[in-house]
Amino acid sequence: MDPGPFIQPLVRAREVQVSPIRKLTPEVAGKIAAGEVIERPSSVVKELLENSLDASSRRISVALLEGGRKRIAVEDDGVGIPSSELPLAVQNFATSKISDTGDLLKIDTLGFRGEALASIRAVSRFTIRSRTRDEDVGREIQWSGNDLLNDSPYVGNPGTEVIVQDLFFNLPARLEFLSSGTSELRRINSLVESFSLAFPESGFNLIEGGRNIISLPPSTLRERVEVIFSSEVFQHMTTLEKVSPRLRVHGYLSLPNITRGNRSKQYYFINGRLIKDRLLSHAVHQAYRSLIPDGRFPYVLIFLKIPPDGIDINVHPTKAEIRFRNERDIHRLISSAVRGALKGNTISFREKVESVYHSIFPHEQKGSTGTGSTEAGTTPVIPSGEPGPCGVPAGKPGWIFHEAPLSLFEGEERADIISSGKLYWQLHQSYILIQIRGGMVFVDQHAAHERILFDRAKRNMAGEKPAIQSLLFPATIELSPAEYERYEKLSDTLPTLGFEVEPFGLRSIIIHGIPGGVRNWSEGHLLTEILGERNTARTGVEDFIKSFACRAAIKAGTKLSAGEMESLIDQLFATEFPFTCPHGRPTILRVNIADLERRFHRTVSSER
């Protein structure tokens, strides 16, 4: 029977005509090398900016046409290239930055391979002109790919200008893969902003088709950060700094209330070099884990200063990745520095409370009258209508909440969150209301207790002796095979948190004591719920104690006495991070009395 045309052998012998091994021509080799270094217009701009900064430039201008697809011109006021060395500068592996293999272990410049200009020249119509301050006349050389077109004197200002036209004109296949001019401009815009953060002492200009896109004069780092991240975000950022014998880390971080849906505003610089590194990103993520919701990312600017012999930067064609010689020390330093900065040692309690407000309404515009209008391109920390952690629905912000940053205490300190008379109310047996000057504070009792239990559990894990409630009648619980397997894996962790548990029979356990402060014991169902979660076995200890804190915390619908409400508030503000639960949801909201008066059409000056 004929199997038909669609049934073919899975493996077909491949007929290949073998050619002799030969050395590639310089033209072919140059295009291959260029393909590794130069991927798109932004690659060209990156290499040229690095050269300009290595030349101690204090003014750098980038001018584009069609996002760099048609033309890129980078001009600087750096030291310039001597006329006699200019022809050599555009040859492969010609550089002034290293001379032997030993220099590769102590690189302190952005560029070092000596292949960037040659790679750019090989795939474009290329012009370079330069003059040093010691020369009266400089030099200009023009190329079209590998063809020299012109070599003439140049009498312009000291510094260097490189003009790249018709990128990939001789590699049509590569040209077809370029994005639109708008997309390429977006990449270059981001790149220029990145370099400007690392070198605030230099001025940067980005021009597209004669239109000024970026204009940054020389400034301090603080001024540059405020411009690049925006003044609104900068108000909710804090500094970090930590020093060890061979390392120094410093920079800026957003508080947990200000986050994004992606990592596009996270910058990591190693010895001034912008890199993408999972190690650093993971260290920051670990520090924020219990402070922001999953899927949200903080604004990050981190500079790490490390001896050149502690890293290997010669591991990636575009130098975008590096290898650390001691990754553990780096990770520990970064994570510790971020955690220290977020503890609030550098900002006042008042500022921290004001920042919580913005976590609820990051998208409201000033002057909003309750229409729910949002700023284009922004999203709330937990999108409206979607369930939050622990199945708690996230509500949509209402008209009563004011957008402008208002002081919760009007200049007072932490003690004033509890107003004179210490009056508390419970709304729907879920929220604690506290009257303060100028308004009212709402505290989510479940989220607040969750934060208290989580912080207590972390202290227990760090060595603090746990408080234990002994059960009058020990509880015996039979577990499923999967639950018992998870119990065995967590058998060392449970006593640390305050559980007194021991095996009893084939798949049973007997419980003699539970952590102090736990109200939702439910005759053992609390523990079986935690052990029954699918992700318990494959996540870390911190995820386990998050689950414990969430399930053990006071639930919505639980009636609290005035004394219990007061105790809960006192314990909340004794925690390390009182303004979010371990999953990143806010614990506190504020209602401004001025909004109420406007809604009731009251004239404050005449009716008070």
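These numbers were taken from a predicted model, which means no experiment stands behind them. Position 1 is the first residue of the sequence, and the numbers go up from there.
In this structure, the side chains of Glu502 and His512 come closer than 4.5 Å at one or more pairs of heavy atoms. Residues Phe229 and Tyr267 form a side-chain contact, since some pair of their non-hydrogen atoms from C-beta on lies under 4.5 Å apart. A heavy-atom distance below 4.5 Å is not found between the side chains of Phe297 and Lys265. For the pair Tyr288 and Leu253, the minimum side-chain heavy-atom distance is below 4.5 Å. In this structure, Ser336 and Lys242 have side chains that are in contact, with non-hydrogen atoms separated by less than 4.5 Å. Using a 4.5 Å cut-off on side-chain heavy atoms (C-beta onward), Lys276 and Ser281 make no contact. With contacts defined as side-chain heavy-atom distances shorter than 4.5 Å, the pair Tyr252/Thr238 does not qualify. Counting heavy atoms from C-beta outward, Gln435 and Trp425 have side chains that approach closer than 4.5 Å.
Distance CG/Leu49 to NZ/Lys46: 9.5 Å, rounded to 0.5 Å. Rounded to the nearest 0.5 angstrom, Leu568 CG and His446 NE2 are separated by 11.5 Å. Leu291 CG to Cys581 SG: the interatomic distance, rounded to the nearest 0.5 Å, is 10.0 Å. Taking CG from Leu216 and CD from Glu223, the interatomic distance works out to 11.5 Å, rounded to the nearest 0.5 Å. Between atom CZ of residue Phe199 and atom CG of residue Leu53 there is a gap of 5.0 Å, rounded to the nearest 0.5 Å. How far CG of Leu560 is from CD1 of Ile432: 5.5 Å, rounded to the nearest 0.5 Å.
Remark: side-chain polar atoms of Glu485 are not paired, donor with acceptor, to backbone N or O of Ala482 under 3.5 angstrom. Between the side chain of Ser567 and the backbone N or O of Glu564 there is no donor-acceptor pair closer than 3.5 Å. Using a distance-only test at 3.5 Å, with no hydrogens or angles considered, no donor-acceptor pair links the side chain of Ser190 to the main chain of Arg187. A donor-acceptor contact shorter than 3.5 Å links the side chain of His449 to the backbone of Ile554. Checked by atom type and distance alone, the side chain of Ser430 never pairs as donor or acceptor with a backbone atom of Ala556 at under 3.5 Å.
Leu531 and Leu490 get closest at one heavy-atom pair: CD2-CD1, 4.0 Å. Residue Thr587 comes nearest to Pro578 through the heavy atom pair OG1-O, 2.7 Å, listed as atom of the first residue, atom of the second, then distance. Across Pro466 and Pro495, no two heavy atoms sit closer than the pair CG-O, 3.8 Å. Annotation for Glu193 and Ile228: closest pair CG-CD1, 3.9 Å, computed over non-hydrogen atoms. Leu191 and Ser42 get closest at one heavy-atom pair: CD2-O, 3.3 Å. When all heavy atoms are compared, the tightest approach of Pro256 to Ile292 is O-CG2, 3.4 Å.
Counting non-hydrogen atoms of neighbouring residues, nucleotides and ligands closer than 6.0 angstrom, the CG atom of Asp492 reaches no more than 12 such neighbours. More than 12 heavy atoms of other residues, nucleotides or ligands sit less than 6.0 Å from atom CZ of Phe234.
A salt bridge between Glu576 and Arg459 is absent, with no side-chain N of the basic residue lying under 4.0 Å from a carboxylate O of the acidic one. For the pair Asp444 and Arg585, the salt-bridge criterion is met [side-chain N within less than 4.0 Å of a carboxylate O]. With respect to the salt-bridge test (charged N to carboxylate O, under 4.0 angstrom), the residues Asp455 and Lys458 do not qualify. Comment: Arg248 engages Glu241 in a salt bridge, judged by a side-chain N to carboxylate O separation of less than 4.0 angstrom. Checked for salt-bridge contact, Arg224 and Glu201 miss the test: no charged N lies under 4.0 Å from a carboxylate O.
Looking at Val243, Asn326, Leu304 one by one, the single match for side-chain contact (heavy atoms from CB on, under 4.5 Å) with Leu333 turns out to be Leu304. Applying the side-chain contact (heavy atoms from CB on, under 4.5 Å) test between Ile334 and each of Leu247, Val284, Asp277, Asp329 identifies Val284 as the sole match. Exactly one of Ile330, Val249, Ile302 qualifies for a side-chain contact (heavy atoms from CB on, under 4.5 Å) with Leu280. That residue is Ile330.
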Side chain to side chain contact (heavy atoms under 4.5 Å, CB included) between Val501 and Tyr487, worked out: CA-CA 10 Å; Val501 187; Tyr487 158 71; 3.7 Å; yes
Worked check of side chain to side chain contact (heavy atoms under 4.5 Å, CB included) between Phe577 and Arg339: CA-CA 11 Å; Phe577 298 103; Arg339 289 290 292 186; 3.6 Å; yes
Derivation and outcome, side chain to side chain contact (heavy atoms under 4.5 Å, CB included), residues Leu433 and Val441: CA-CA 6 Å; Leu433 278 64; Val441 167; over 6 Å; no
Pair Arg260-Gln266, side chain to side chain contact (heavy atoms under 4.5 Å, CB included): steps then yes or no: CA-CA 10 Å; Arg260 295 173 58 84; Gln266 294 189 355; over 6 Å; no
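A side-chain donor-acceptor contact under 3.5 Å links Glu450 and His583. Side-chain atoms of Gln571 and Arg456 include a donor-acceptor pair closer than 3.5 Å. Between the side chains of Gln445 and Gln429, no donor-acceptor pair of N or O atoms lies under 3.5 Å.
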